[in-house]
Number of protein chains: 2
Amino acid sequence: MKEKATSFDIAHKAGVSQSTVSRALRNSPLVSKETRDKIKAIARELNYKVDKNASNLRQQQSKTLALLLFEDPTSDDSMINPFFLSMLGSITRATANAGFDLLVSFQQFSDDWHADFEDTHKADGIILLGYGDFLEYQDKLQALEEQNTHFVRWGAINESHPGVVIGSNNYQGGKNITRHLISLGHKEFVFIGGADNNCPEFLERFNGFNDALKEAGLLGENQRAKHWDAISTEHSGYNVAKALVESGAKVDAILCASDLIAIGVLTALKDSGISVPGDIAVAGYDNIPLAPFTNPPLSTVKQNTKLAGELLVDALVGQIEGQPVESHLIDAEVVIRHSCGAK
Amino acid sequence: MKEKATSFDIAHKAGVSQSTVSRALRNSPLVSKETRDKIKAIARELNYKVDKNASNLRQQQSKTLALLLFEDPTSDDSMINPFFLSMLGSITRATANAGFDLLVSFQQFSDDWHADFEDTHKADGIILLGYGDFLEYQDKLQALEEQNTHFVRWGAINESHPGVVIGSNNYQGGKNITRHLISLGHKEFVFIGGADNNCPEFLERFNGFNDALKEAGLLGENQRAKHWDAISTEHSGYNVAKALVESGAKVDAILCASDLIAIGVLTALKDSGISVPGDIAVAGYDNIPLAPFTNPPLSTVKQNTKLAGELLVDALVGQIEGQPVESHLIDAEVVIRHSCGAK
DNA sequence: CTGAAAGCGCTTACAG
DNA sequence: CTGAAAGCGCTTACAG
């Protein structure tokens, strides 16, 4: 590797002091346009780049964001939810636009799971992403909060949860797609996926589902809608749907907590010789890129990942800059395809 | 945020010099076990973490790897190939194991696409990932090479291409799955996907396909197998398959350059009332997590992403540490499911 | 085994 | 508008 040029090299060549070089490169109004232009030209010529470590050390910041992605511990390398991949794309973009770099870690939560990113000055703040077990890491979130670490989280918004959260309106999404399913004439509903505090997002989807059913008189005031538990993977969806079919339960519509689950459900129903949507209607949640290509194409709820990524980054950068930032809910949009039985 | 403790704070509390603290924390044999233990205890108590910026500046390194992911420019945020997501998971893990951090950028190649990662000391080396247009960035690779930037690339191995490359044996994979398709009695083969120098990996898959056909006498010595161009997305696969069907061409087996293409092809054939594998057998390449859940389940070629991620990181870290490293080919494994017509 | 000191490459008050 | 100087928090030769 060539020796890297330093600001002193530029200063020498330009016949000015090193301080002036630094100022010129940072577009300080203190240096005359003429000098600045000369310095910039030389910098370009020497392929000079400001040394991040030195700059960061001096400024006591890192201009870097850390992204921590976690999933259910059962999922292996290959099972990361495509939904979060979309998010990742949008987050990298938004991060770059904000002038930050992005450090990524997919590690499962370990003891020092916030990975000391901020403590070591590797990152100015942390973005938390995943459909993990919320109860498991709630305490850790609390700890982050107490250390005044800058962080934002993608998830369900709940007053009692620590930190700033960006999330989509899971309740509304669950309710709207269920209303649609009801309008199609389906009567016997089952929800497949987690519906407890371990995954508050799924729980909200379930709550919307539940309330839509009540609203339509399909469920008594004190009843709770039928619910089969599953984690957010195709395999889990497959197995649970198989079990559901074998149980002989009466069902003509299934809402899944995620598209991944729905894909497993679709395959299981097909393997059981059950027609979708003829015998049973199926809907998912997330609108992953593959949803239009399932068989039949999957009706689902779209979360705006582009907006989400931008809001996440904005909120985090705002926090870092000391601005007041608030949690924010994004509208969820029902996407009708064929698996729900619509024509 | 609490004031962060520095090594001086620890030194003060421990009654030793700051140098000794630094040594103790780095497990230098120069400091007595007793002193070291005391220092470490205090460090833990104060929640002390070495400041990365200072440490890196001093050591002139960053202990960070940069991952650049690029895809066909037509693909939007949500279309990142799930195959690379698997890879990403494996790379983050391997990077962490090697004691490095991972900086991620999904940006399309811009003029300064190597993003000055190494120039600015943000990263010690770069990992390049993607099924992008090879011809477009070959020059940039050359430039990287000339600047002695440390980098490794996932892709096709070719003597004339710059840099160290880790890749799977695309030729063998393409050949083996085609042989399997042939053994099932299929005769009229079409390859869907890029098969030119823009994407050398796909070209190699095509070459394996082509040679398997010749080997079986399904193709004359001077003939080239039938090939319909497509980029690596479901939509492109869908559109091309539609066009193929409408062309009236005789075909009973399709090998797709990627699973994403295959998924689009499957949907297109279904929409055209063509049965898979009854009328036409279909196979993909990559074995993305969803391959078992397509309808019918997709026969494909698996690339060992776990191994790939590890080799990529090993090769890059080796380079950084000045060891000689070489390009490496990983075996590809045929995965039989139902779309190919096997029982 | 330990300490005093230099220095990594910047940014930024301070003085002019 | 510009320069000389301090200092960010470490690591590591040098001296003991």
Side-chain angles (χ1 to χ4, degrees), chain A residues 1-40 42-43 46-64 99 116 118-124, chain B residues 1-40 42-43 46-64 99 116 118-124:
Chain A
M1 196 148 343
K2 275 183 253 159
E3 279 305 303
K4 300 225 171 12
T6 71
S7 51
F8 282 93
D9 299 328
I10 315 260
H12 184 73
K13 262 209 136 165
V16 297
S17 74
Q18 180 268 338
S19 338
T20 301
V21 171
S22 178
R23 287 194 193 96
L25 263 15
R26 319 190 90 233
N27 294 314
S28 160
L30 287 177
V31 21
S32 73
K33 187 176 178 333
E34 196 185 356
T35 325
R36 180 167 57 222
D37 289 346
K38 186 164 87 184
I39 289 172
K40 288 201 170 182
I42 296 176
L46 296 181
N47 194 27
Y48 169 79
K49 299 282 153 42
V50 173
D51 182 301
K52 272 287 167 188
N53 289 136
S55 168
N56 290 340
L57 171 59
R58 180 52 228 254
Q59 294 180 91
Q60 293 295 84
Q61 53 158 30
S62 64
K63 276 289 185 184
T64 300
D116 315 317
E118 197 170 331
D119 286 348
T120 57
H121 279 167
K122 283 195 243 178
D124 298 322
Chain B
M1 198 149 340
K2 273 183 253 155
E3 278 306 303
K4 299 225 174 10
T6 72
S7 51
F8 282 94
D9 299 329
I10 315 259
H12 183 74
K13 261 208 141 166
V16 297
S17 75
Q18 180 267 339
S19 338
T20 301
V21 171
S22 177
R23 288 195 191 95
L25 264 15
R26 320 191 89 234
N27 294 314
S28 159
L30 286 176
V31 19
S32 72
K33 187 175 179 334
E34 195 186 358
T35 323
R36 180 166 58 223
D37 289 348
K38 185 164 89 183
I39 289 172
K40 288 201 169 179
I42 296 176
L46 295 182
N47 196 27
Y48 169 78
K49 299 282 156 36
V50 173
D51 183 302
K52 272 287 166 188
N53 290 134
S55 169
N56 290 341
L57 171 59
R58 181 52 228 253
Q59 295 179 90
Q60 292 296 83
Q61 52 158 31
S62 63
K63 276 289 185 182
T64 300
D116 316 315
E118 197 171 332
D119 286 349
T120 59
H121 279 168
K122 282 195 243 178
D124 298 321

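So you know, we letter chains A, B, ... as the sequences are listed, proteins then strands, and number each from 1.
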Roughly how many Å is it from [atom1] in [X] to [atom2] in [N], rounded to a whole number?
X	N	atom1	atom2	result
B:I39	C:dC1	CD1	P	13 Å
B:L30	D:dA15	CG	C1'	14 Å
B:K33	C:dC1	NZ	C1'	16 Å
A:Q61	D:dG9	CD	C1'	16 Å
B:F8	C:dA4	CZ	P	10 Å
A:K122	D:dC8	NZ	P	23 Å
B:K63	C:dC8	NZ	P	22 Å
A:L57	D:dG9	CG	C1'	6 Å

On the nucleotide [N], are OP1 or OP2 found under 4.0 Å from the side-chain N or O atoms that [X] carries?
X	N	result
A:S19	D:dT2	no
A:S7	C:dC10	yes
B:T35	C:dT2	yes
B:R36	C:dC1	no
A:S22	C:dC10	no
B:Q18	C:dA5	no
A:S55	C:dC10	no
B:Q60	C:dG9	yes

### Message
Given 3.5 Å as the limit, does a donor-acceptor pair link the side chain of A:S62 with the main chain of A:D124, or not?
### Response
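Confirmed, A:S62 side chain pairs with A:D124 backbone.
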
#### Entry: Of the listed nucleotides D:dC10, C:dG9, D:dT12, the one nearest the side chain of B:R26
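Taking heavy atoms from C-beta onward, the closest nucleotide is D:dT12.
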
### Candidates C:dT2, D:dG3, C:dC10 - which lies nearest the side chain of B:S32
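From the listed options, C:dT2 comes nearest.
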
Minimum heavy-atom distance between [X] and [Y], given as atom pair plus value:
X	Y	value
A:N56	A:Q61	CB-O, 2.9 Å
B:Y48	B:L25	CE2-CD2, 3.4 Å
A:A24	A:I39	CB-CD1, 3.6 Å
A:S7	A:V21	O-CG2, 3.9 Å

### Task
Treating a pair as Watson-Crick (purine N1 to pyrimidine N3 plus N6-O4 or O6-N4) or G-U wobble (N1-O2 and O6-N3) with both distances under 3.5 Å, list the stems of 3 or more consecutive pairs that involve DNA chain C.
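Stems found: C:1-3 with D:14-16, C:5-12 with D:5-12, C:14-16 with D:1-3.
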
### Query
More 5' along DNA chain D: B:T20 or B:A54, using each one's nearest nucleotide?
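Nearer the 5' end of the strand: B:A54.
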
### 5'-most by nearest nucleotide on DNA chain D - A:R23 or B:Q59
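Looking at DNA chain D, the more 5' nearest nucleotide goes with A:R23.
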
### C1' gap between C:dG16 and C:dT12, integer Å
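Straight-line distance between the two C1' atoms is 16 Å.
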
### Query
Is it true that A:D37 and A:K33 make a salt bridge, defined as a side-chain N closer than 4.0 Å to a carboxylate O?
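Between A:K33 and A:D37 there is a salt bridge, with a charged N closer than 4.0 Å to a carboxylate O.
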
### Residue among A:K52, A:Q59, A:K122, A:H121 satisfying side-chain contact (heavy atoms from CB on, under 4.5 Å) with B:N53
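Only match with B:N53 under side-chain contact (heavy atoms from CB on, under 4.5 Å): A:H121.
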
### Task
Apply side chain to side chain contact (heavy atoms under 4.5 Å, CB included) to B:N27 and B:K40, showing your working.
CA-CA 10 Å; B:N27 294 314; B:K40 288 201 169 179; 2.6 Å; yes

